[in-house]
Amino acid sequence: MNHVKKRTVTVEDLYELKSVYNPQISPDGKSVVYTVRETKKIENGYETQLFMLDLETKKQSN
């Protein structure tokens with residue numbers, strides 16, 4: 001059995017999280033568009049980016 005050392009989550013860990021929101025599949029079913037939001041420590045805010053994933057090739061673009 002593989003034992004993983006547990007540790008407490010820190011505030012710094014929270015800055016590493018990214019959240020995916022509002023995925024929308026294209027009408028032809030070949031791609032999905034979604035937003036990714038991450039916390040920006042220095043700016044004391046959030047940054048949201050729009051991404052598109054081609055479901056056939058698995059290539060992502062923003």
Side-chain angles (χ1 to χ4, degrees):
M1 183 180 276
N2 206 358
H3 294 283
V4 176
K5 184 178 177 183
K6 293 182 180 182
R7 68 176 183 83
T8 304
V9 174
T10 67
V11 172
E12 295 300 317
D13 292 330
L14 300 177
Y15 290 113
E16 299 298 319
L17 294 176
K18 293 182 181 183
S19 301
V20 176
Y21 292 96
N22 201 23
Q24 299 290 316
I25 297 175
S26 65
D28 64 7
K30 294 182 179 181
S31 61
V32 62
V33 175
Y34 57 95
T35 57
V36 175
R37 185 176 83 173
E38 63 182 298
T39 306
K40 294 295 189 178
K41 182 178 180 180
I42 294 173
E43 294 88 350
N44 192 29
Y46 299 101
E47 178 178 285
T48 303
Q49 293 185 10
L50 183 64
F51 288 88
M52 184 175 77
L53 176 67
D54 184 307
L55 296 174
E56 293 177 347
T57 65
K58 307 300 184 221
K59 290 184 180 179
Q60 177 181 291
S61 59
N62 64 341

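- Here the OG1-NZ distance, from Thr39 to Lys18, works out to 11.0 Å after rounding to the nearest 0.5 Å.
- Evaluation of the side chain to side chain donor-acceptor pair (under 3.5 Å) rule for Ser19 yields no partner, not counting sequence neighbours.
- In the displayed structure, Leu55 atom CG is contacted under 6.0 Å by more than 12 heavy atoms of other residues, nucleotides or ligands.
- Under the side-chain contact (heavy atoms from CB on, under 4.5 Å) criterion, Glu56 pairs with Lys30, Asp54, sequence neighbours left out.
- Residues passing the side-chain contact (heavy atoms from CB on, under 4.5 Å) test with Val33 are Leu50, Met52, sequence neighbours excluded.
- Under 3.5 Å, the side chains of Gln24 and Asn22 contain a donor-acceptor pair of N or O atoms.
- A donor-acceptor contact shorter than 3.5 Å links the side chain of Ser26 to the backbone of Ser31.
- Grouping the Ile, Leu, Val, Met, Phe, Trp and Tyr side chains by contacts below 4.5 angstrom, directly or via other members, places Leu17 apart from Val20.
- Checked against side-chain contact (heavy atoms from CB on, under 4.5 Å), Lys40 has the following partners two or more places apart in sequence or in another chain: Glu38, Glu43, Glu47.
- Val9 meets the side-chain contact (heavy atoms from CB on, under 4.5 Å) test with Asp13, Leu14; sequence neighbours excluded.
- Applying the ring pair (Phe, Tyr, Trp, His ring centres under 6.0 Å) test to every pair with at least one member in residues 4-23, sequence neighbours left out, gives no pairs at all.
- Under the side chain to side chain donor-acceptor pair (under 3.5 Å) criterion, Lys41 pairs with Glu12, not counting sequence neighbours.
- Applying the ring pair (Phe, Tyr, Trp, His ring centres under 6.0 Å) criterion to Tyr34, with sequence neighbours excluded, gives Phe51.
- Going from atom CG of Leu53 over to atom CD1 of Ile25 covers 10.5 Å, rounded to the nearest 0.5 Å.
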